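Small disclaimer: the values here were computed from a predicted structure and weren't measured. For this chain, numbers begin at 1 and follow the sequence in order.
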Amino acid sequence: MKLHHLVRPHIYKDGRRPSFAAAYARAARRYGFEAGRNAGFAKRNNVVVKVKSKHNKETDHEVPAESIQNGNLEYVVPVKIGTPGVTLHLDFDTGSSDLWVWSSELGRGASTKGHTIYDPTKSSTAKKASGSWNISYGDGSSASGNVYTDTVTVAGVTVKAQAIELAEKLSSSFLSDGGNDGLLGLAWPQINTVSPKPVATPVENMISSKLINPPVFTAKLGRGSEAGFYSFGFIDTSVTPNPITYTPIDNSQGFWQVPSASWSLNGETKERSSNTTILDTGTTLLLVSDDVVDSIYGSIKGAVYDDQQGGYKFPSDATLPDISFAVGDTLYKVNGQDFAFGDAGEGFTFGGIQSRGDLGFDIFGDVFLKSVYVVFNQGEKTVGLAQRDD
């Protein structure tokens, strides 16, 4: 067993990241939050909107589906499907539970240029299954289709008769994104969208068939042109000399949700009693409560809220504070190069930590996850994190 390389979609090959606005709008779409004090985006009447300013939360404009889709994930994983098999690059997403793919079932009008397509008629192990699936977002973007079972291999682990959701229809925003060939959902099975009955995820099948021991998958997300690594059924203790500390999760909403009851700013620990967070590789930013956001940017000389862009930015030459967030009882420091999210123009840089709006929990996306090695232990319902030094 070993770690396998994650892959960057070709739109991010040179180490680029999604635009700040696309990344923030995508989080608003996934979690459906209202603006609160500091969030520049919100979901209203089932569409994502940009609000006018920090002090005026009226809708400025709807965010087009294409713009949100262009904030798509920075990490994809090669997955071989079928016999003899075709390898697709699928989003590595711990915040959803569907395994769906670009397929030969797509309508004739759909351009599949730049994508690898799964065609069940070319696989000797493919079987049509009952059920249909539909992932729809209020902004008009959607993916839907039928279900087959086939052999799936990821990270050297082969699952037979895995349910695969074949796209028959993709809205134009998916057709224009150019980032991936579908999605590998790694959250809990209850948020799978197949009806009338949800299907088992690949990790669930790996565990029930005793294909992996320990019953885990792990992620070491890279930065820049280094995409990082992942594994199924294997924990690499050489990633970091720091210990892996395990915390029980709450999967009642289908997510990898954990207690996060404290944080620290420049070495001063602050309590956040009963606060929780979701570990989500499918969200780019690190989203926390308005009080925390105010404290962080209040500690950075020259930091301001950008009404046009919808979030906080700071002078690119500013001295950044030491910021850590707890998972369970352990604080993990956020690497400064990930906090400095991207160019905001005029000598400013967007902060990778922003407001979660009116959500009752935090979202620890890639900006946080790049600082740790994460073991998602689905068998024992825990997550293990170790601080990385790289």
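At a threshold of 4.0 Å, the pair D60-K50 does not count as salt-bridged, since none of the basic side-chain nitrogens sits closer than that to a carboxylate oxygen. In summary, K54 and D307 do not engage in a salt bridge, as defined by a charged side-chain N under 4.0 Å from a carboxylate O. Classification of R30 and D280 as a salt-bridged pair holds, one side-chain N sitting under 4.0 Å from a carboxylate O.
Between W256 and W188, the ring-plane angle classifies as tilted under the 30° and 60° cut-offs. Between F92 and F217, the ring planes lie perpendicular to each other; the angle is over 60°, past the 30° to 60° tilted range.
In summary, of the residues considered (F339, Y24, Y305), a ring pair (Phe, Tyr, Trp, His ring centres under 6.0 Å) with Y312 occurs for Y305 alone. Between F368 and the choices V327, D338, T277, D362, the side chain to side chain contact (heavy atoms under 4.5 Å, CB included) rule is met once, by V327. Each of L183, V101, N180 was checked for a side chain to side chain contact (heavy atoms under 4.5 Å, CB included) with L90, and the lone residue meeting it is V101.
Formation of a donor-acceptor pair under 3.5 Å by the R388 side chain with backbone atoms of K370 is found in this model. Of the possible donor and acceptor atoms, one in the side chain of S53 sits under 3.5 Å from a partner among the backbone N and O of N56. In this structure, the side chain of D306 engages the main chain of Q309 through a donor-acceptor pair within 3.5 Å.
Both tests hold for K313 against F348: distance to the six-membered ring centre under 6.0 Å, angle to the ring axis within 45°. Note that K220 lies outside the cation-pi zone of F229, set by a 6.0 Å cut-off to the ring centre and a 45° limit from the axis.
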Discussion item. As a quick check of understanding, evaluate side-chain hydrogen bond (donor to acceptor under 3.5 Å, both in side chains) for T121 and D119, giving each step before the final call.
Written reply: CA-CA 5 Å; T121 66; D119 182 348; 2.7 Å; yes
Item to complete: Verify ring-ring contact (aromatic ring centres under 6.0 Å, His included) between F350 and F20, making sure each step is shown before the conclusion.
Response: CA-CA 7 Å; F350 285 119; F20 174 79; 4.2 Å; yes
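Summarising the local packing, NZ of K160 is surrounded by 12 or fewer heavy atoms from other residues, nucleotides or ligands at distances under 6.0 Å.
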